[in-house]
Amino acid sequence: MVPDRDSHSVGRRLRRAGAVALLLAFAVVAYGLTSRAVENSQLRGLTEEQAVPTVAIVTPGSVGNQASLDLPGRLEAFIRAPIYARIPGYLKSWKYDIGSKVKAGDVLGEIDTPDLDQQLMQARADLNVAEANARLAEITAKRWQGLAGTDAVSTQDVDQRTFTWQANIAQVKAARANVDRLVAEEGFKRLIAPFDGIVTARETDVGALINVGATGGAELFVVSETGKLRIYVNVPQNYVPSVPDGTNATITVPEHPGKIYRGTVEASAQAVDPGSGTTLMQIIVDNATGEMMPGDYASIHLQIAPTAGVLSVPSSALIFDAKGLSVATVGADDRVLVKPVSIARDLGSVIEVASGLAPNDRVIENPPDGVSTGTVVQLAGAAPVGVASARPKGKSKHDG
């Protein structure tokens with residue numbers, strides 16, 4: 001009977017071992033299923049997190065709208081006077097060459113005028129004849145007027161002698177005026193500097209034939225006042241309101257690299273050239289040192305003030321598509337609302353928006369591809385949308 005007891009004991013141990021093995025198998029399966037469920041939950045959370053785009057937002061404003069405008073320009077003398085001849089002749093001499101500094105009233109050159117000299121001599125002779133005739137007519141008229149009360153002369157003869165005298169007086173005045181005119185022209189033999197400045201051109205030489213005026217003759221000298229210089233620049237039409245009188249400008253010239261000169265916008269043409277779409281503006285720059293020269297090319301840098309009441313956004317916020325220009329905004333429910341906008345000015349990294357935005361709009365700084373109205377987004381720095389905790393419930397590895 002002992003063997004039966006032993007076999008019964010062995011059977012119980014086998015059954016216990018089988019039950020333990022079965023429990024262990026169930027525990028392994030349960031742990032595997034739980035781990036798979038946790039991994040699936042984590043995967044769903046990551047998928048949902050990646051499916052909701054994360055965006056950074058900005059608020060429209062005018063801060064940072066300072067922009068600059070670089071334009072080419074040409075320096076001109078503050079005053080430039082080309083000197084022409086008023087009388088014909090030949091250049092007798094010149095006293096100042098190019099680059100010479102002159103004072104107002106200095107004689108630049110002299111013209112020899114033989115024809116004018118002869119005309120003046122003839123005019124003076126004509127004046128002498130007219131004066132002699134007038135004296136003779138005066139004596140004759142007074143004699144006839146003395147006989148007017150007698151029957152020796154008629155009234156007609158007296159009147160004739162009287163008016164002849166008056167006519168001779170008028171001839172004297174005309175002859176004297178002609179002499180005065182020629183004397184005045186004689187004064188134009190000397191070419192005079194009209195103001196303090198520099199001789200910037202001499203287009204004649206001794207013995208050269210001189211013609212009269214700007215129509216038939218070339219300029220003989222050019223005197224320029226260079227203590228101040230004018231710069232004329234053509235400002236694009238859409239920037240004109242941002243460049244009022246008094247706007248500061250910085251100027252550079254190629255012959256002085258790295259050196260900056262400062263000027264001020266003094267005047268505007270107040271008209272747009274239809275050919276170029278620009279407005280001519282004048283900048284005045286001090287040139288007391290004489291380092292800049294008239295006719296020189298210059299680069300002008302204008303600092304443009306922000307436009308009042310205009311909102312701006314980063315240029316990266318613009319969306320270009322078949323519908324035109326727009327920006328993507330985020331509503332209170334974290335959904336996208338695409339708004340069409342119009343541009344006032346493109347300042348490079350900043351775009352001034354003329355219409356379509358409100359000051360409190362939340363604008364997506366860099367909208368992702370395919371974003372449209374109604375798209376759910378997540379703001380950068382906010383908690384992930386619809387993502388559960390990555391750690392399963394229960395004891396952690398640090399729990400006891």
K.L.:
Please say yes or no: joined through hydrophobic side-chain contacts below 4.5 Å, possibly via intermediate residues, are V233 and Y239 part of one cluster?
P.N.:
yes

K.L.:
Taking ILVMFWY side chains as joined if any heavy atoms are under 4.5 angstrom apart, and letting links pass through other members, which residues group with L191?
P.N.:
F78, I79, I83, L91, W94, Y96, V102, L108, I111, F195, V199, V206, I210, L220, F221, V223, I284

K.L.:
Mind checking whether I57 and L379 have side chains closer than 4.5 Å, heavy atoms only?
P.N.:
yes

K.L.:
Who passes side-chain contact (heavy atoms from CB on, under 4.5 Å) against R176, sequence neighbours left out?
P.N.:
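With neighbours one apart ignored, the set is L127, E131, V172, D180.
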
K.L.:
Dump the intermediate steps for side chain to side chain contact (heavy atoms under 4.5 Å, CB included) on E255 and E291, then the final yes or no.
P.N.:
CA-CA 9 Å; E255 63 268 29; E291 294 180 348; over 6 Å; no

K.L.:
Is a side-chain donor or acceptor of D196 paired with a backbone partner of A104 at a separation under 3.5 angstrom?
P.N.:
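Judged by distance alone, yes, a pair lies under 3.5 Å.
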
K.L.:
Is there a donor-acceptor pair under 3.5 Å between the side chain of D361 and the backbone N or O of A358?
P.N.:
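Yes; at least one donor-acceptor contact below 3.5 Å.
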
K.L.:
Nearest 0.5 Å, what's the OG1-NE2 distance between T252 and H256?
P.N.:
11.5 Å

K.L.:
CG/L69 to OG1/T247 distance, rounded to the nearest 0.5 angstrom?
P.N.:
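Here the interatomic distance stands at 10.5 Å.
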
K.L.:
Indicate if V179 and F188 have the same hydrophobic cluster label, given that clusters are the connected sets of ILVMFWY residues with side-chain heavy-atom separations under 4.5 angstrom.
P.N.:
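Yes, V179 and F188 fall within the same hydrophobic cluster.
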
K.L.:
Could you give me the CA-CA distance, side-chain angles and deciding distance for T162 and Q145, then say whether side-chain hydrogen bond (donor to acceptor under 3.5 Å, both in side chains) is met?
P.N.:
CA-CA 8 Å; T162 301; Q145 289 172 1; 3.1 Å; yes

K.L.:
Quick one: salt bridge (Lys or Arg N to Asp or Glu O under 4.0 Å) partners of E203, sequence neighbours excluded?
P.N.:
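Residues passing salt bridge (Lys or Arg N to Asp or Glu O under 4.0 Å) with E203: none at all.
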
K.L.:
So does L337 get a backbone contact from the side chain of T329, meaning a donor-acceptor N/O pair under 3.5 Å?
P.N.:
yes

K.L.:
Does K228 come within less than 4.0 Å of D286, counting only side-chain N to carboxylate O?
P.N.:
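Judged by the 4.0 Å cut-off on N to carboxylate O distance, K228 and D286 do not form a salt bridge.
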
K.L.:
Hey, is CZ on R362 packed in by over 12 heavy atoms from elsewhere, all under 6.0 Å?
P.N.:
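Yes, the 6.0 Å shell around CZ holds more than 12 heavy atoms from other groups.
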
K.L.:
Quick test of your reading of the model: are K101 and D106 salt-bridged, counting only N-O distances below 4.0 Å?
P.N.:
no

K.L.:
Nearest 0.5 Å, what's the OG-CD1 distance between S372 and I319?
P.N.:
9.5 Å

K.L.:
Would you say that more than 12 heavy atoms from the other residues, nucleotides or ligands in this model lie under 6.0 Å from the CD of Q237, or not?
P.N.:
no

K.L.:
Mind listing the closest non-hydrogen atom pair of V363 and P60 along with its distance?
P.N.:
CG2-CG, 3.8 Å

K.L.:
Any link between F320 and I351 through a network of hydrophobic side chains (Ile, Leu, Val, Met, Phe, Trp, Tyr) touching at under 4.5 Å?
P.N.:
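Same cluster: F320 reaches I351 through Ile, Leu, Val, Met, Phe, Trp or Tyr contacts under 4.5 Å.
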
K.L.:
Donor-acceptor check, side chain of D126 to backbone of A175, threshold 3.5 angstrom: yes or no?
P.N.:
no

K.L.:
CD1/I87 to NZ/K189 distance, rounded to the nearest 0.5 angstrom?
P.N.:
7.0 Å

K.L.:
State the OG-CE distance between S224 and M293, to the nearest 0.5 angstrom.
P.N.:
12.5 Å

K.L.:
State whether the side chain of S268 and the backbone N or O of Q270 hold a donor-acceptor pair below 3.5 Å, judged by distance alone.
P.N.:
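Between the backbone of Q270 and the side chain of S268 there is a qualifying donor-acceptor contact (under 3.5 Å).
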
K.L.:
Is it the case that more than 12 heavy atoms not belonging to K92 sit under 6.0 Å from its NZ atom?
P.N.:
no

K.L.:
Counting N and O atoms only, with roles assigned by atom type, does the side chain of Q378 sit under 3.5 Å from a partner on the main chain of A380, one being a donor and the other an acceptor?
P.N.:
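No, Q378 side chain to A380 backbone: no donor-acceptor pair under 3.5 Å.
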
K.L.:
Looking at V240, is its backbone amide N or carbonyl O close enough to the side chain of T279 to form a donor-acceptor pair, meaning the two atoms are under 3.5 Å apart?
P.N.:
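Checked: no pair found.
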
K.L.:
Each residue besides F163 in its hydrophobic cluster should be listed here, by chain and number; the cluster joins Ile, Leu, Val, Met, Phe, Trp and Tyr at side-chain heavy-atom distances under 4.5 Å.
P.N.:
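Members alongside F163: none; it stands by itself.
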
K.L.:
State whether the number of non-hydrogen atoms from other residues, nucleotides or ligands found under 6.0 Å of R262 atom CZ is greater than 12.
P.N.:
no

K.L.:
Just jot down the salt bridge (Lys or Arg N to Asp or Glu O under 4.0 Å) partners of E266, sequence neighbours excluded, or say none.
P.N.:
none

K.L.:
What do you reckon, is CZ of R181 surrounded by more than 12 foreign heavy atoms closer than 6.0 Å?
P.N.:
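Atom CZ in R181 is packed in, count exceeds 12.
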
K.L.:
How about Q122: does its CD atom have over 12 heavy atoms from other parts shown lying under 6.0 Å from it?
P.N.:
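At most 12 heavy atoms, drawn from other residues, nucleotides or ligands, come within 6.0 Å of this atom.
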
K.L.:
List the atom of P368, the atom of V55, and the distance in Å for their closest heavy-atom pair.
P.N.:
CD-CG1, 4.0 Å

K.L.:
At their closest point, which heavy atom of V58 faces which heavy atom of P314, and how far apart are they?
P.N.:
CG2-CD, 3.8 Å

K.L.:
Is the backbone N or O of R161 less than 3.5 Å from a side-chain atom of D157, with the two atoms forming a donor-acceptor pair by type?
P.N.:
no

K.L.:
So, taking the atom named CH2 in W144 and the one named CG in D159, what distance separates them when rounded to the nearest 0.5 Å?
P.N.:
11.5 Å

K.L.:
Which heavy atom of L311 sits nearest to which heavy atom of P359, and what is that distance?
P.N.:
CD1-N, 3.7 Å

K.L.:
Regarding R80 and E76, does a basic nitrogen lie under 4.0 Å from an acidic carboxylate oxygen?
P.N.:
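Between E76 and R80 there is no salt bridge, as every charged N stays at least 4.0 Å from the carboxylate O atoms.
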
K.L.:
Can any side-chain N or O of T373 pair as donor or acceptor with the backbone N or O of V338 at less than 3.5 Å?
P.N.:
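It does hold such a pair.
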
K.L.:
For I343 and L318, work out which heavy atoms get closest and say how close.
P.N.:
CD1-CD1, 3.8 Å

K.L.:
Check for a donor-acceptor pair, side chain of T140 on one end and backbone N or O of A137 on the other, with a separation under 3.5 Å.
P.N.:
no

K.L.:
Could you identify which residues cluster with V129, counting Ile, Leu, Val, Met, Phe, Trp and Tyr as linked when any side-chain heavy atoms lie under 4.5 Å apart, either directly or through a chain of such contacts?
P.N.:
none

K.L.:
Indicate the atoms forming the closest heavy-atom contact of V336 with A328, along with that distance.
P.N.:
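Minimum heavy-atom contact is CG1-CB, 4.0 Å.
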
